[in-house]
Amino acid sequence: MDRTSQRLLKEDRVHGDVMFPLAAYWIELPAGTHILDTHWHEEAEFFMLQEGEILFQVDTDYFPLRVGEAVFIESGDIHAAHVLKDGPCRFCALVFHPDLLASAQYDTIQQTVILPLQEKRQSFPRHLTPAVPWQQELLLQLERMMDAYANKMPGFEAFMKGTLLIMLSQIAAPDRSVNHSLSPGADTTKVNRLKKVILYIQENYKEPIRTSDLSGLIPMSEGQFCRFFKAMTRKTPVDYINSYRIRQAAALLQQTERKISDIALEVGFDNVSYFIKVFRKAMNCSPSEFRKDGAQGAVAGQLYP
């Protein structure tokens with residue numbers, strides 16, 4: 001995938017700001033709510049589960065995630081979270097741009113820990129668990145950062161950056177860091193194909209999208225494509241497109257006073273009744289109820305980065 005395509009794939013949402021590209025999100029979802037659709041961003045992310053049990057996906061890897069465990073997601077990694085056991089779900093996500101850690105000049109820290117992280121040669125394990133003592137210390141560091149961010153204590157920005165650097169020093173010990181730059185070629189091809197399809201959906205969701213439009217991008221037969229897409233996202237192409245459209249509609253319902261019928265058309269639904277049906281299934285409430293009640297909990301997982 002060329003650099004122009006990679007630029008186009010950048011998620012629109014800004015995490016933090018130019019001066020401090022880091023943000024934390026606390027999400028609570030009721031039982032039966034979908035957690036995270038397949039997506040990616042150029043920032044890195046720590047995702048820590050505080051309640052529930054979920055199946056987490058990073059690129060082509062799937063693994064169960066339990067309370068007290070965390071996932072590290074690198075820049076550009078496709079990731080998603082799916083319900084594994086019925087019940088409410090609560091998690092915190094710490095999203096930061098690796099440039100936050102960069103030194104002002106090329107020095108030993110930049111050479112030995114920052115650059116290897118940026119190039120995915122010396123990175124955190126994807127799955128962090130308290131069952132491994134040194135990983136438990138990383139999890140404690142994450143909890144301290146989340147508390148500092150939530151309380152906005154004086155100097156919390158320095159605390160966040162400093163703690164991330166300490167965590168990098170902790171994985172510098174032998175047999176702790178992971179080299180993610182050596183992904184199998186077949187997996188890289190699958191991920192890049194999926195990114196191409198999702199980019200097309202993001203750019204064209206307001207218009208009719210046929211399965212043949214998507215399968216022709218790769219290219220595959222429609223049958224092959226549907227199997228590939230379901231295997232990678234655990235959703236059919238139609239379900240994924242509808243989910244993306246609902247996320248856009250939810251944002252418009254929160255941000256504007258436009259008619260529900262106008263919003264439905266704006267995000268690509270040509271039938272208002274069908275839009276309401278799909279919205280209710282995704283959000284556990286109607287569009288009007290969502291707008292009236294602010295349904296923050298129901299939408300949090302849909303809009304989270």
Side-chain angles (χ1 to χ4, degrees), residues 13 15-17 20-30 33 35-36 41 43-58 61 63-75 77 79-85 87-101 109 113-114 117 122-173 175-178 180 296-297 300-301 303-305:
R13 182 165 185 168
H15 303 281
D17 55 41
F20 189 64
L22 180 150
Y25 305 89
W26 285 263
I27 306 297
E28 295 186 32
L29 299 171
T33 305
I35 304 171
L36 285 180
H41 37 72
E43 294 88 356
E45 174 181 346
F46 283 103
F47 178 108
M48 177 174 256
L49 188 63
Q50 298 168 318
E51 183 179 4
E53 188 170 345
I54 63 179
L55 183 68
F56 210 93
Q57 173 191 1
V58 182
D61 292 339
F63 48 88
L65 193 69
R66 297 177 174 84
V67 172
E69 298 180 339
V71 180
F72 179 66
I73 301 147
E74 298 198 82
S75 171
D77 281 354
H79 54 287
H82 311 280
V83 174
L84 192 59
K85 287 189 176 180
C89 176
R90 182 164 52 91
F91 62 88
C92 180
L94 187 71
V95 187
F96 66 96
H97 199 290
D99 287 352
L100 169 70
L101 303 175
I109 297 173
V113 294
I114 307 302
L117 176 70
Q122 184 174 302
S123 187
F124 297 96
R126 279 183 172 162
H127 188 185
L128 299 172
T129 172
V132 180
W134 67 267
Q135 292 184 14
Q136 183 177 27
E137 179 57 32
L138 293 179
L139 293 167
L140 290 173
Q141 300 282 21
L142 283 175
E143 290 178 355
R144 295 182 189 114
M145 279 194 290
M146 290 167 186
D147 288 342
Y149 189 94
N151 297 320
K152 296 293 192 297
M153 66 181 200
F156 82 94
E157 296 93 343
F159 181 84
M160 305 294 280
K161 181 174 180 176
T163 304
L164 285 170
L165 288 171
I166 289 172
M167 292 171 69
L168 283 173
S169 75
Q170 291 172 320
I171 65 168
D175 301 321
R176 290 187 177 182
S177 66
V178 179
H180 289 146
Q296 296 292 334
L303 297 182
Y304 153 72

Any carboxylate oxygen within less than 4.0 angstrom of a Lys/Arg side-chain nitrogen, looking at R144 and E137?
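A salt bridge is present here (some side-chain N lies under 4.0 Å from a carboxylate O).
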Honestly, is K152 close enough over Y149, meaning NZ or CZ under 6.0 Å from the six-membered ring centre and within 45° of the axis?
yes
Could you grab the distance from atom [atom1] of [X] to atom [atom2] of [Y], nearest 0.5 Å is fine?
X: E143; Y: T163; atom1: CD; atom2: OG1; result: 12.5 Å
X: I114; Y: L168; atom1: CD1; atom2: CG; result: 5.5 Å
X: L94; Y: L164; atom1: CG; atom2: CG; result: 6.5 Å
X: L22; Y: F20; atom1: CG; atom2: CZ; result: 4.5 Å
X: S123; Y: H180; atom1: OG; atom2: NE2; result: 5.5 Å
X: H127; Y: F47; atom1: NE2; atom2: CZ; result: 11.0 Å

Whether Q135 side chain and T129 backbone form a donor-acceptor pair below 3.5 Å
yes
Over 12 non-hydrogen atoms of neighbours within 6.0 angstrom of CD1 in I109
no
Looking at side-chain heavy atoms only, is the closest gap between [X] and [Y] below 4.5 Å?
X: E43; Y: S75; answer: no
X: V95; Y: I73; answer: no
X: V71; Y: L128; answer: no
X: M153; Y: F159; answer: yes
X: E69; Y: P130; answer: yes
X: F124; Y: V178; answer: no
X: I35; Y: H82; answer: no
X: W26; Y: M146; answer: yes

Can you name the closest pair of heavy atoms from [X] and [Y] and give their distance?
X: A80; Y: L36; value: CB-O, 3.5 Å
X: F56; Y: H79; value: CE2-CB, 4.0 Å
X: E74; Y: L117; value: OE1-O, 3.9 Å
X: L49; Y: R90; value: CD1-O, 3.6 Å

